Amino acid sequence: MCHHQPACPSAGSPDREAARPTAHHPEQGWSLLCNGVLLFEDTGELLPDGQIIAPHRPTITSAVAA
């Protein structure tokens with residue numbers, strides 16, 4: 001799908017979110033990447049083969065100073 005040079009990561013690679021957006025709809029909460037991945041604002045993903053990747057926001061584990 002990607003015609004960029006160098007090519008964007010494929011939908012199956014671990015860094016698939018680094019692909020360039022081809023459609024961006026922040027008002028609806030999603031972006032379509034050039035590798036076919038639908039990326040949602042909650043960090044969930046829908047891959048071109050229909051596989052669902054659950055949201056994976058980073059969690060803050062540092063202790064708060066008193």
Side-chain angles (χ1 to χ4, degrees):
M1 286 182 156
C2 180
H3 301 288
H4 301 114
Q5 292 299 324
C8 291
S10 70
S13 68
D15 60 344
R16 64 183 153 261
E17 295 173 11
R20 294 186 188 182
T22 58
H24 182 63
H25 294 277
E27 72 283 358
Q28 296 177 357
W30 61 271
S31 296
L32 176 64
L33 305 180
C34 70
N35 57 8
V37 173
L38 270 174
L39 180 63
F40 297 96
E41 79 176 5
D42 70 351
T43 69
E45 302 171 23
L46 179 61
L47 303 184
D49 65 0
Q51 181 181 359
I52 297 170
I53 306 296
H56 48 279
R57 290 184 177 170
T59 57
I60 300 173
T61 58
S62 61
V64 177

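Just the heavy atoms: all of them, side chains too, but no hydrogens, waters or symmetry mates, feed the values below. Every value quoted in this text rests on a predicted model; they were computed, and no experiment measured them.
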Checklist line | Residues Phe40, Leu46; criterion side chain to side chain contact (heavy atoms under 4.5 Å, CB included); working and verdict | finding: CA-CA 8 Å; Phe40 297 96; Leu46 179 61; 4.1 Å; yes
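When all heavy atoms of Asn35 and Ala11 are compared, the pair lying nearest together is O-CB, 3.7 Å.
Note on residues 20-43: no pairs pass salt bridge (Lys or Arg N to Asp or Glu O under 4.0 Å), not counting sequence neighbours.
Side-chain atoms of His56 come within 3.5 Å of backbone atoms of Thr43 as a donor-acceptor pair (strictly under, hydrogens ignored). Remark: side-chain polar atoms of Thr22 are paired, donor with acceptor, to backbone N or O of Leu32 under 3.5 angstrom.
In terms of the side chain to side chain donor-acceptor pair (under 3.5 Å) criterion, Gln5 has no residue partners (sequence neighbours excluded). Remark: His24 engages no residue in a ring-ring contact (aromatic ring centres under 6.0 Å, His included) (not counting sequence neighbours).
Applying side-chain contact (heavy atoms from CB on, under 4.5 Å) to Val37 and the options Glu45, Glu17, Gln51 leaves one that passes, Glu45.
Between the CG atom of Leu47 and the OG atom of Ser10 there is a distance of 10.0 Å, given to the nearest 0.5 Å.
Tracing side-chain contacts under 4.5 Å through hydrophobic residues (I, L, V, M, F, W, Y), one reaches Ile52 starting from Trp30; they form part of the same cluster.
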